[in-house]
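What's counted below: heavy atoms across the whole structure, side chains too, no hydrogens, waters or symmetry copies. Residue numbers begin at 1 in each chain, while the letters A, B, ... track the order of the sequences.
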Amino acid sequence: MPELPEVETIKNALKPHLTGRTITGVRVFDTRPVQSVHVDEFCCRLIGRKILGLDRRGKYLMIQLSGGENLVIHLRMTGALLWNPVEAEPFTRMEFFVDNGGRMVYTDVRRFGTMYIVQDTKDILGKLGTEPLNAQFTPQYLTQLLKSRETPVKSVLLNQELIAGIGNMYADEALFHAKIHPLRPACSLTQAEITTLHKSIRHVLNKGISKLGASIRNYRHPDGGQGSAHKEFAVAHRENEPCPICKTPVERIVVGQRGTYFCPKCQAAK
DNA sequence: CCCGGAACCTGAAGGC
DNA sequence: TGCCTTCAGGTTCCGG
């Protein structure tokens, strides 16, 4: 499941391959990912464009093109972007060719991923909340988000219109790190807890990036390898394994329809 | 406005 | 062994 650290890793890996190249061809095996415009227009607006740069916003990858165009990609749960894969990749939905013979392959088992071609990225990204690793994400900002809401604190962390980029795995890890029960009403957190949670969010995201992402299910690095962030997860996807702090077995509950892992002792409900 | 639940998809895993 | 059901979760949409 690509979340912020995984998309950041993909962006960083593709950047040297793609920047400065010109798109020479697009092959579409499945039109489902192509949003908003007909697939013919999608291809027309890509071919011949020069790639000026790559960026990330929340879980979206943005590829800036000449002519003011932007290719915006969301991988959802099982999407992957691979650079020059050696083998034929199963579930290949699209291929992008560039002028040095390189090829970016888009695979997606479940076909939830989406692609857009837009002049103004705000059309797609306009409703996203703040970037949790940017300076504007302060403890004060987090306090404002939490204080008026009764919903579980985990649901706030997952709301992309409030904070952009945190998904199920890193939400669980951040709450564990901050010793906060995922079902706590957002407005019940103390100022001290919010300050800690703010630090924890940044800590787990930065660690995820430094480990090149977490390969829990389908996520792969563009070179075909896997990230290693999941090896250091304390609770996410570790039901019944001992908590790294107190050895109590990690529990799994459902919060906002998502599987949620936590330590019942370290993150005791108040 | 706020919140919860269904839908979208399909391979993997578990039950019988 | 094999069929059937359930599960996984990012986002959007709908209803209360």
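By the 30° and 60° cut-offs, the orientation of the rings of A/H17 relative to A/W83 is parallel. In this pair, A/Y60 and A/Y116 present their aromatic rings tilted. The plane angle is within the 30 to 60° band.
Within 4.0 Å (heavy atoms only), A/G256 reaches no atom of the nucleic acid at all.
Nucleotide B/dC1 holds its P atom 18 Å from the NZ atom of A/K147, rounded to whole Å. Distance A/R149 CZ to B/dG4 C1': 15 Å, rounded to the nearest Å. Note: CG (A/L146) to C1' (B/dC3) measures 16 Å, nearest angstrom. For the pair A/E89 CD and B/dG11 C1', the computed distance is 16 Å after rounding to whole Å.
Atom OG1 of A/T22 is separated from atom CZ of A/R49 by 11.0 Å, given to the nearest 0.5 angstrom.
A/R111 has no side-chain polar atom (N or O) that falls below the 4.0 Å cut-off from OP1 or OP2 of B/dC8.
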field: Dot-bracket line, read 5' to 3' along DNA chain C, where crossing pairs take [ ] and | marks a partner on another strand, Watson-Crick or G-U under 3.5 Å
entry: .|||||||.|||||||

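Aromatic pair A/Y170/A/F233: centroids less than 6.0 angstrom apart. In this structure, the ring of A/H237 has its center no less than 6.0 angstrom from the ring center of A/H230.
Salt bridge present: A/R184 and A/E193 bring a charged side-chain N and a carboxylate O closer than 4.0 Å. Salt bridge absent: A/E6 and A/K11 never bring a charged side-chain N and a carboxylate O closer than 4.0 Å.
Here A/S148 pairs with nothing under the side chain to side chain contact (heavy atoms under 4.5 Å, CB included) rule; sequence neighbours left out.
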- prompt: Reading nucleotides 10-16 of chain C 5' to 3', which nucleotides get B (base under 4.0 Å from a protein heavy atom), which S (sugar-phosphate only), which -?
  reply: BB-----

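If you find the closest nucleotide of DNA chain B to A/E150 and to A/F91, the one lying nearer the 5' end belongs to A/E150.
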